[in-house]
Each structure stands twice: as C-alpha cells, then as structure tokens.
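Written out below as structure tokens is the structure these notes cover.
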Amino acid sequence: MYYSAGNYEAFAHPKKPVDADKKSAYIVGSGLAGLTAAFYLVRDAQVKGERIKILDRDPRAGGACDGYHDPKNGFIMRGGREMDNHFEVMWDVYRDVPSKNDSNASVLDEYYWLNKEDPNYSLCRATASCGKKLPTGRDFTLDKEAQKELLKLYLTPEKDLEGKRINEVFDDHFWKSNFWLYWQTMFAFQEWSSALEMKRYLQRYVHHIDGLPDFSALRFTRYNQYESMILPLLKYLTDRGVEFVSGCEVNNIVVKTKENGEKIATSIEATLKGKETTIPLTENDLVFVTNGSCVDSTCYGYQNEAPDYAKVKDGEGDSWNLWKKMASQISDGSFGRPEVFCGNTKETNWMSATIDVDDTLLPYIMKITERNPHDGKVCTGGIVTVKDSWDYWRCSWTINRQGQFEDQPKDRTLVWFYSLYTNRPGNYVKKAMRDCTGIEIAEEWMYHIGVPTDKIEEYAKKHSKTTSAYMPYIDAFFQPRKGSDRPAVVPHGSVNIAFIGQFAEIPADTIFTTEYSMRSGMEAVYTLLNVDRAVPEVWGSRYDVREMLRAAYYAIDRKQLKDMDLSVAERFLLKKVLKKIKDTDIETLLKDSELI
C-alpha cells in the first residue's frame with residue numbers, strides 16, 4: 001500500500017489482484033469503516049460480493065452514522081457529521097455510489113450540487129441571556145501568549161506530545177478566547193483531551209481556520225447521515241451480493257502467531273441470534289475488525305424517561321471486550337492498548353438529544369437563526385453555543401436542513417442538542433443532563449432560546465417530543481495516548497487481519513470524522529490484497545505556505561503585521577525584513593494573505 005496525490009492515480013482503475021478469487025472476507029462492524037472496506041473489496045480488489053459478509057450485533061447498519069424514527073418514542077440522532085471538500089477517500093467512494101433519490105447521479109454529485117446551491121454559513125455562532133445573540137464577530141481573541149502557545153503546538157513533533165493533555169500546553173488565558181469556544185464546541189475537545197490530537201486537527205484543517213467562526217468551511221448532506229450516506233452505500237453493496245448479517249455479536253477473533261512473527265486469524269467466535277457459533281478461517285479468509293466504538297454502551301432516554309446509565313461498566317462494552325481479547329493474544333503490543341481509551345468514562349462521556357418541535361417554537365428559533373427551517377435550506381449553519389451554560393451543561397444546538405428525515409412531517413422541526421458536561425446542573429433545570437427526562441432537556445433548551453419561563457413547561461410537554469442518548473465513550477479517541485496505543489490498520493506480521501475505524505492508527509489524519517473511518521477501510525483492503533493503485537494521501541494543507549499565512553492572518557484577528565502588539569525590537573526587525581523581501585514572491589504571498 002502506498003500514498004499519492006493528484007488525478008493520475010485517482011482516476012486509474014487497478015488490475016485485479018492476484019488470488020482475489022480465492023479470498024473471502026468477514027467484516028466485523030457495519031459502520032462507515034466496515035461498509036467502505038466492503039466497497040473497496042468489490043470495486044478495486046474485485047472480490048465477489050457473495051464472498052463478503054458484514055457481521056453486526058445491531059439490526060441496522062451504519063454504526064455511529066445513525067438516524068431513525070422510532071414510531072413510539074420519536075426521532076433519534078446520536079450525532080451528526082461535518083464534511084470537508086478534502087475528504088479524499090470519502091469522495092472516491094461516493095463518486096461511484098448512486099444517489100438514493102436520483103439513479104442518474106452519484107451521492108457525490110447530489111452533495112456537490114446541494115452545497116453549491118445552498119452554501120453553509122452561520123448567522124449566529126453563540127447566544128447569551130436567554131437567546132440574545134452574542135456578538136462574537138469573526139475574532140478569535142487570542143492574546144499574544146495564546147498565539148505563541150498555539151504556534152508552538154502546531155510545530156511540536158507528535159512524539160513530544162505523547163500522553164500530554166491540552167491543559168498541559170495552554171495557560172488559563174487561552175480558555176477565555178473565542179478560539180477555544182469555537183474549537184471545543186465544534187470538535188468536542190475537552191481541556192483534558194489529547195494535545196497530540198489537537199495538533200493533528202490544527203494541521204489537518206489549517207485551510208479552514210478562516211471558516212471556524214461562521215462555519216462557512218462546512219458542508220452537510222440533505223437528510224440525516226443514515227439516509228443520505230449509509231442507505232445508498234448499503235444498497236450498492238447488497239446489489240453486488242454482499243451479505244449483511246445482523247444479530248451477530250463477535251466475541252473473539254482467535255489469532256495464532258507463528259515463530260516467524262506472522263499473525264493469522266484462525267477462527268471467529270460469535271453469538272448468532274442467541275446461539276454460540278465458531279467460524280473457522282484460513283489464510284485466504286480476511287478479517288476486518290472494528291476495534292472499539294465511540295457509541296458502545298449508549299443509553300437512551302425518552303420523553304418521560306431519563307437514560308439508565310447505571311448499567312454502564314467503565315472499560316467494558318462489546319467492541320472494547322473484543323479488542324481486549326484480541327490484544328491479549330499478542331505479546332509484541334502490535335494490537336494496541338484498548339484500556340487507554342475505554343478506562344475513564346468520567347472523562348469520555350457526553351450526551352445528545354433530538355428535540356422534535358411544532359411551529360409553536362418557530363418564532364424563537366427564527367429570532368436567532370434569521371431563517372425559516374421549513375424552507376428546506378441551511379438553518380443554523382452549524383451549532384449555536386449557549387455561552388450562559390459554560391459552567392453548567394456547556395451545551396450547543398443545531399438545526400440542519402429540514403425535513404431531516406424523509407418521513408418527517410412538514411410542520412415539525414428537529415433540533416439536535418448536546419452537552420459536554422453531563423454531571424453538572426443546568427441553568428434552568430437544576431439537574432445533571434444525564435438524569436433528565438426528554439421533557440426536562442427540552443425545557444433547558446427552551447429557556448436558552450428565550451421562551452418565557454411561564455410557558456416552558458407547557459411547550460416542553462405539549463409541543464415537543466424529545467429523545468436522548470448518553471454515550472459513555474463518545475470522546476474516547478481524544479484520550480491522551482502514545483503512538484503505539486492504537487494498532488496499525490494492518491499490524492506488523494499480519495497475514496489476514498486488519499483493524500478499521502476510529503481506533504486504528506492512520507498517520508496525519510484526524511479521528512471523529514467520516515474520512516478517518518473510510519480511509520481505514522480503504523487502507524486495510526489495499527494492504528491485505530496488495531491493490532496496485534495509490535491510496536490518496538491525507539490532504540497536505542499543513543505544507544502549503546499560502547494556507548499557513550492565511551491562518552496566521554485570522555489567528556491575529558485579521559490584522560496586518562504592523563498592527564500587532566510588538567515590542568520596539570520586534571518592530572525594528574519587521575521593518576528590516578519587509579524591506580529585504582520587497583518586490584519578491586514572499587512579499588506577494590504576504591500581501592495575498594493580507595498580512596501586509
């Protein structure tokens with residue numbers, strides 16, 4: 001497996017790999033990583049679909065990319081996905097997957113046209129004082145010391161950040177900046193999250209720093225992620241004979257290590273529809289394992305019922321238990337260390353809710369968004385952060401294009417609401433979010449959008465229906481780690497085993513994205529079958545001086561260099577440098593980035 005950039009490799013079709021007809025595949029987990037592995041097995045490795053089985057405990061494919069309507073309890077969305085134009089693997093897949101709504105167009109075509117015609121941007125990034133817009137402008141409000149700390153993190157080698165938390169590389173003044181408000185609430189980082197992962201995000205999305213305050217860098221699907229992304233891909237695969245086996249919980253993959261260091265999966269131990277079963281494997285049976293899951297052990301709440309999180313056992317869950325069993329069989333540590341990520345649910349949990357409201361709430365929504373959700377176009381344009389909740393639930397909410405589900409009534413609006421702190425009381429509801437019913441969660445949100453307090457209880461009970469999801473491991477991949485804590489997609493010596501998903505290690509890319517999951521699936525297939533075509537490299541904007549200069553311009557709140565807070569010595573040096581570069585390409589670059 002090798003990387004490349006550009007159209008030459010991207011547009012080429014690989015030859016059928018040697019022995020492809022002898023291969024079979026078992027894919028553990030039906031999230032985007034597993035579905036993508038199946039896609040590349042079929043399209044590029046040219047393995048027959050009938051020889052590919054996707055095993056999943058759940059009745060519905062998609063993993064964390066969910067979204068469904070429970071007729072009894074309401075609409076359920078645990079999360080949403082923000083896409084980037086440089087998700088190279090994702091768009092390589094979806095350019096060949098037909099749209100669910102237009103067989104003459106691909107999913108990529110549909111997505112591209114939509115976001116051209118209805119570009120995303122926010123008219124209100126944050127509120128305070130019960131629904132009043134917070135005038136954040138486009139400023140990051142980073143002081144000079146915070147700017148230096150941010151630059152230092154950007155330039156620090158990953159090996160020097162292993163095991164470090166964000167609060168070990170920033171001082172208190174950084175947390176007060178708009179930059180941190182934007183960053184934390186958009187990406188769900190915490191002060192105790194991995195500094196290494198934050199560095200990766202900074203480098204990976206340096207080309208989007210200018211779009212951070214108003215979300216103009218983001219793009220979204222027309223419907224929820226399940227209907228827009230999972231269903232078309234699932235149809236593509238089943239039309240080609242790939243089998244989705246639901247009700248199959250994989251308990252262990254038995255691995256044999258030879259004297260020469262080769263690692264071979266010899267059997268799959270599973271529970272299929274309540275019965276224990278063993279699937280024998282040969283070296284031609286490839287196993288793609290989703291190790292770990294951010295939505296493992298999710299606890300759901302409903303309109304009159306809080307989630308029952310008491311049953312969650314720290315460090316346990318089906319996906320974690322499988323990974324632990326596999327890692328325990330390998331003495332060289334190449335299967336990673338799952339306990340680094342799943343052993344501290346106090347730090348890795350947060351909670352979301354889907355609030356289904358009628359038009360009674362429309363005036364309060366439109367006062368903030370300045371858009372009518374029933375137009376079917378961009379509404380909030382991203383999350384609206386409630387600044388008043390900073391020391392309470394630390395909550396945000398968003399309304400994507402409506403109807404967000406194809407069967408959603410036209411007079412209903414779906415609000416996605418989430419809280420980073422589930423153990424603190426709310427501003428209005430004096431309870432922790434994890435202990436709240438759907439009605440109480442809706443009450444807290446309604447308070448923050450300006451509904452009069454004497455109307456809140458009535459509106460939450462009679463004009464809304466709320467479901468919630470407490471996710472103990474949703475931030476697990478942000479835990480401080482070492483480079484070896486996540487296994488390589490194909491570990492050293494592996495003959496027929498690959499790890500896929502958010503807890504396999506992919507250099508330079510960022511977890512908690514659709515691209516990361518899908519890239520792991522592509523790299524796994526290309527490595528195990530030796531597909532002779534390049535995997536597109538992670539977009540390298542961190543090496544583009546134009547993007548870095550542009551990011552610097554926004555980091556200092558769109559000032560020119562001469563207007564910065566500089567000492568006498570620094571001003572003298574700047575004047576000297578600018579004189580030296582006059583009439584050169586460097587001067588042109590600085591002018592183009594508006595730094596001079």
Side-chain angles (χ1 to χ4, degrees), residues 7 9-14 16 25 27 29-54 56 60-69 80-118 219-246 288 376 400-401 403-408 500 513-515 517-522 525-526 531 533 535-536:
N7 293 341
E9 292 274 2
F11 290 172
H13 296 96
K16 190 174 188 175
I27 300 170
S30 66
L32 269 177
L35 298 179
T36 301
F39 172 88
Y40 281 110
L41 283 166
V42 169
R43 193 194 74 175
D44 292 356
Q46 300 170 59
V47 175
K48 294 178 181 178
E50 295 77 9
R51 300 177 68 86
I52 302 169
K53 288 180 168 56
I54 303 175
D56 203 302
R60 186 183 291 103
C65 267
D66 60 359
Y68 60 97
H69 184 199
R81 298 296 177 269
E82 301 156 342
M83 267 70 77
D84 176 78
N85 54 328
H86 285 301
F87 280 5
E88 312 298 343
V89 174
M90 181 176 182
W91 303 129
D92 183 55
V93 171
Y94 281 117
R95 69 187 173 95
D96 277 343
V97 175
S99 160
K100 181 171 172 284
N101 301 304
D102 182 355
S103 59
N104 295 317
S106 69
V107 171
L108 173 58
D109 291 334
E110 184 179 61
Y111 176 91
Y112 179 80
W113 298 332
L114 172 68
N115 285 280
K116 283 285 188 178
E117 294 166 4
D118 184 26
R219 294 161 178 80
F220 294 94
T221 54
R222 173 60 186 87
Y223 297 103
N224 64 84
Q225 58 203 359
Y226 180 75
E227 292 180 352
S228 288
M229 296 168 59
I230 299 300
L231 286 181
L233 185 51
L234 196 60
K235 185 177 188 305
Y236 175 96
L237 296 172
T238 54
D239 284 350
R240 287 155 180 78
V242 176
E243 183 181 358
F244 174 64
V245 183
S246 62
F288 301 84
N400 288 340
R401 295 181 178 98
Q404 207 166 350
F405 288 76
E406 291 191 23
D407 67 344
Q408 180 181 329
I500 56 176
T513 62
T514 52
E515 173 71 359
S517 289
M518 299 181 79
R519 177 174 289 275
S520 72
M522 183 182 190
V525 171
Y526 271 47
V531 176
R533 173 178 176 258
V535 171

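Nearest approach of Ala37 to Val525, heavy atoms of both residues: O-CG2, 3.3 Å. Nearest heavy-atom pair across Arg533 and Pro14 is CD-CD, 3.6 Å. Across all non-hydrogen atoms, the minimal contact from Ser517 to Leu32 is CB-CB, 4.2 Å.
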Candidate pair Ser99 and Asp102, rule side-chain hydrogen bond (donor to acceptor under 3.5 Å, both in side chains), full reasoning: CA-CA 5 Å; Ser99 160; Asp102 182 355; over 6 Å; no
Ile54/Val245 under side-chain contact (heavy atoms from CB on, under 4.5 Å): CA gap, chis, key distance, verdict: CA-CA 6 Å; Ile54 303 175; Val245 183; over 6 Å; no
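The side-chain tip of Arg219 does not point at the ring of Tyr111 from less than 6.0 angstrom away and within 45° of straight on.
Distance CG/Leu237 to CD1/Ile27: 8.0 Å, rounded to 0.5 Å. For the atom pair OG1 (Thr514) and CE (Met90), the distance works out to 4.0 Å, reported to the nearest 0.5 Å. Rounding to the nearest 0.5 Å places OG of Ser228 at 6.5 Å from CD of Glu110. The CG atom of Leu35 lies 10.0 Å from the CE atom of Met229; values are rounded to the nearest 0.5 Å. Once rounded to the nearest 0.5 Å, the distance linking CD1 of Ile52 with CZ of Phe288 reads 8.5 Å. For the atom pair CG (Leu233) and CZ (Phe39), the distance works out to 7.5 Å, reported to the nearest 0.5 Å.
Evaluation of the salt bridge (charged side-chain N to carboxylate O under 4.0 Å, His left out) rule for Arg401 yields Asp118 as partners, not counting sequence neighbours. The side-chain contact (heavy atoms from CB on, under 4.5 Å) test applied to Tyr112 returns Lys116, not counting sequence neighbours. Checked against salt bridge (charged side-chain N to carboxylate O under 4.0 Å, His left out), Lys16 has the following partners two or more places apart in sequence or in another chain: Asp21. The side-chain contact (heavy atoms from CB on, under 4.5 Å) search around Ser246 returns Phe244, Lys273, not counting sequence neighbours. A search for side-chain contact (heavy atoms from CB on, under 4.5 Å) contacts involving Pro98 returns Tyr236, not counting sequence neighbours. Residues passing the side-chain hydrogen bond (donor to acceptor under 3.5 Å, both in side chains) test with Glu227 are Asn224, sequence neighbours excluded. Not counting sequence neighbours, the partners of Tyr40 by the ring pair (Phe, Tyr, Trp, His ring centres under 6.0 Å) test are Tyr526. Take Thr513 and apply the side-chain contact (heavy atoms from CB on, under 4.5 Å) test, not counting sequence neighbours, and it matches Phe87, Tyr201, Tyr205, Thr510, Glu515, Tyr516. Considering only residues two or more places apart in sequence or on other chains, Phe220 meets the ring pair (Phe, Tyr, Trp, His ring centres under 6.0 Å) condition with none of them. Residues passing the salt bridge (charged side-chain N to carboxylate O under 4.0 Å, His left out) test with Glu50, sequence neighbours excluded: none. Partners of Arg43 according to the salt bridge (charged side-chain N to carboxylate O under 4.0 Å, His left out) rule, which considers only residues two or more places apart in sequence or in another chain, are Asp92, Asp96.
No side-chain heavy atom of Trp91 sits less than 4.5 Å from a side-chain heavy atom of Asp84. Looking at Arg51 and Leu41, their side chains never come closer than 4.5 Å, going by heavy atoms from C-beta outward. Using a 4.5 Å cut-off on side-chain heavy atoms (C-beta onward), Val47 and Val42 make no contact.
Note on Asp66 versus Arg60: no salt bridge recorded, every NZ/NE/NH1/NH2 to OD/OE distance being 4.0 Å or above.
Residue pairs meeting the salt bridge (charged side-chain N to carboxylate O under 4.0 Å, His left out) criterion with at least one partner in residues 229-243, sequence neighbours excluded, are Lys53-Glu243, Lys235-Asp239.
In this structure, Arg222 contributes its side chain and Leu114 its backbone to no donor-acceptor pair below 3.5 Å. A donor-acceptor pair is defined here as one N or O able to donate and one able to accept, closer than 3.5 Å; no such pair exists between the side chain of Tyr94 and the backbone of Val89. Between the Arg519 side chain and the Pro536 main chain, a donor and an acceptor come within less than 3.5 Å of each other.
Partner of Tyr223 under the side chain to side chain contact (heavy atoms under 4.5 Å, CB included) criterion, chosen from Glu406, Gln408, Lys100: Glu406.
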